[in-house]
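Report on the structure given below.
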Amino acid sequence: MRAWRAILTADVARDLRSGNWWLPVAFFLLVALLFPFGVGPDVRLLAATGGGMVWVAALLATLLPLDQIFSRDAASGALDQYALHALSEEGLVLTKILSHLVSFGLPLFIAAIPAAALLGLGEARWGGLLCSLAIGLPGLSALGVTIAAVTLGQRSHGALSALLLLPLAVPILIFGAGSLSDAGQSAIYYLAACSLSALAIAPFAAGAALRAAREN
Amino acid sequence: MPQSAAPCHDILPVSGTAPLLSFAALACVRGDNLLWRGLSGEVGAGGAMRISGPNGSGKSSLLRVLAGLLPAAHGQVVRRAAIGLADERAALDSALPLAHALGFWARIYGKRASDVARALDALALTPLRDVPVAYLSTGQRRRAGLVRLLIADAPLWLLDEPTNGLDSQSIARLETIIAAHRTAGGAVIIATHLPIALAGAQEIALGAA
C-alpha cells in the first residue's frame, strides 16, 4: 500500500510539474471551440449534437498522454526495479489508471463545463453530461492504460495506440453519448457496465502485457 | 517452453547455510542465438561471483535471468534472498533533484530519509543532493544508481558493469562498500569486463557471441 501510494503521488506530481495535464484539456476545449465553426451557428443543431461531440473530444483527449504512461518508467529502468521489489504488475496498472484519472480525467471533467457552454448545451443538461463523464472516464482511463502497456516498446506507438484504443472505446462512446438523449436512462447503466468491465479486465490484460515486454 | 519469470515471488526461506542463490543447467536464447548454456553455480552469504566475457556474450542477460526478469530457455534458478539490481539505468526521475529522486525509492522500500543521507554519503554524492538527476555526469548517475541499491538494502546484489564511467576514487569506494556488504553476510554477483577487486570470487567466463 505504501509503495502504491508513493508511485501514485510521484506520477501525479510529475504530470503537474511537467505541465502535461493541460495539453489534453487544451485539445479538448479547442475541439469544442472548432466544432461550431464546422457545422455553423445553428443553436438547435449544436445543442442536439453537442453532447456527443463532448464525448468524442474526451475520447481523443484521452489518447494524448498515453505514450508516457509506461515508456518513461521502462526507459529509466524503474519497471524492472518494481518487479524486483515484488510489486505486482496488476497493482501497478491499477495505480497508473488512478494517476491517469487524477492527472487527466479530472481536468477533462472540469473542462467539460466550458466545453458544454461552447457547444450550446443548456444548463439543464450539464448534470447529465457530467454524470456520464464521471462514469465513463474511469473506463476510458482503464482502456488507455491497457493500450499503453500493450504498445510498450513498439516503434511509432502513438499512432498504434490510437488505432487500438478507438475501436475498443466504441461501447463507452455509444452509451456515454446515448445517455444524454431524452430516452437515455438505460444507456447510463450500460455505460457503467462497460466502464466497470474495462476496469476489471485492464489490470490483468495490461499486467500480462508488461510482463511480456520485460521478458522480451 | 521457457519458464515464466516471477521475480522474488519464489523466494524460499533461508534454512541453515543454504546459498542465497543457486542455479543449474541454465541456458539463454536471444532471438535465434544460443548465448550460453550449461551454467551452474551458487552464491552463499559473504560470497562473490564475477561474470566476465566480451561484449555481446550475454553477461547482462545472465544477470537478468538470475534476477528473474528474463525467463531462462532451460534450467532453473532458486532465490532465497531479496535481490538488488544495479545496471546502466539508475531508475531515477531525471527532472527531480537527486535527493528527491532517491527519496521516492526510499518510500517504496520503506526506508527513512536518514537511510538516503547515509547511502549518499557512502558514495560521496552528498554535495550533489540538490542537483537534478538530468545534470549528473555518466559516472555520477552510475553512483546514484548504486545509492539506490544501498537504500534497497537487499542481501544479494547483482551489478552490471558497476565500474563503467567511475573514476579510480569511486571504484575504490565501491570496492570498500562491496567488501563491507559481504562481511555483513551479503553476496554479490558482478558482470564486468573491467578489473575490480573481489577477494575469493568465483569466476564464470562466457564465450564470445
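The chains referred to below are lettered A, B, ... by the order of the sequence lines, with proteins before strands, and numbering in each begins at 1. Hydrogens, waters and symmetry mates are skipped; everything else that's a heavy atom, side chains included, is used.
- When heavy atoms are compared at a cutoff of 4.5 Å, A:Ala74 approaches chain B solely by way of its backbone atoms N, CA, C and O.
- There is no contact between A:Arg5 and chain B, counting heavy-atom distances below 4.5 Å.
- Contact of A:Leu79 with chain B is not made at all, since no heavy-atom distance falls under 4.5 Å.
- Contact tally against chain A (heavy-atom pairs below 4.5 Å) for B:Ala91, B:Ser94, B:Gly84: the top residue is B:Ala91.
- Looking at A:Ser195, its side chain never comes within 3.5 Å of a backbone N or O of A:Leu191 through a donor-acceptor pair.
- Heavy-atom pairs under 4.5 Å with chain B peak, among A:Ala13, A:Ala10, A:Ala78, A:Ser18, at A:Ala78.
- The closest side-chain donor-acceptor pair between A:Ser132 and A:Trp55 falls under 3.5 angstrom.
- Electrostatic pairing of B:Lys59 and B:Asp160 does not count as a salt bridge here, judged by no charged N lying under 4.0 Å from a carboxylate O.
- Side-chain contact of A:Gln81 with B:Arg148: a donor-acceptor pair under 3.5 Å is present, judged by distance alone.
- A:Arg72 and A:Asp15 are joined by a salt bridge, as a carboxylate oxygen and a charged side-chain nitrogen come within less than 4.0 angstrom of each other.
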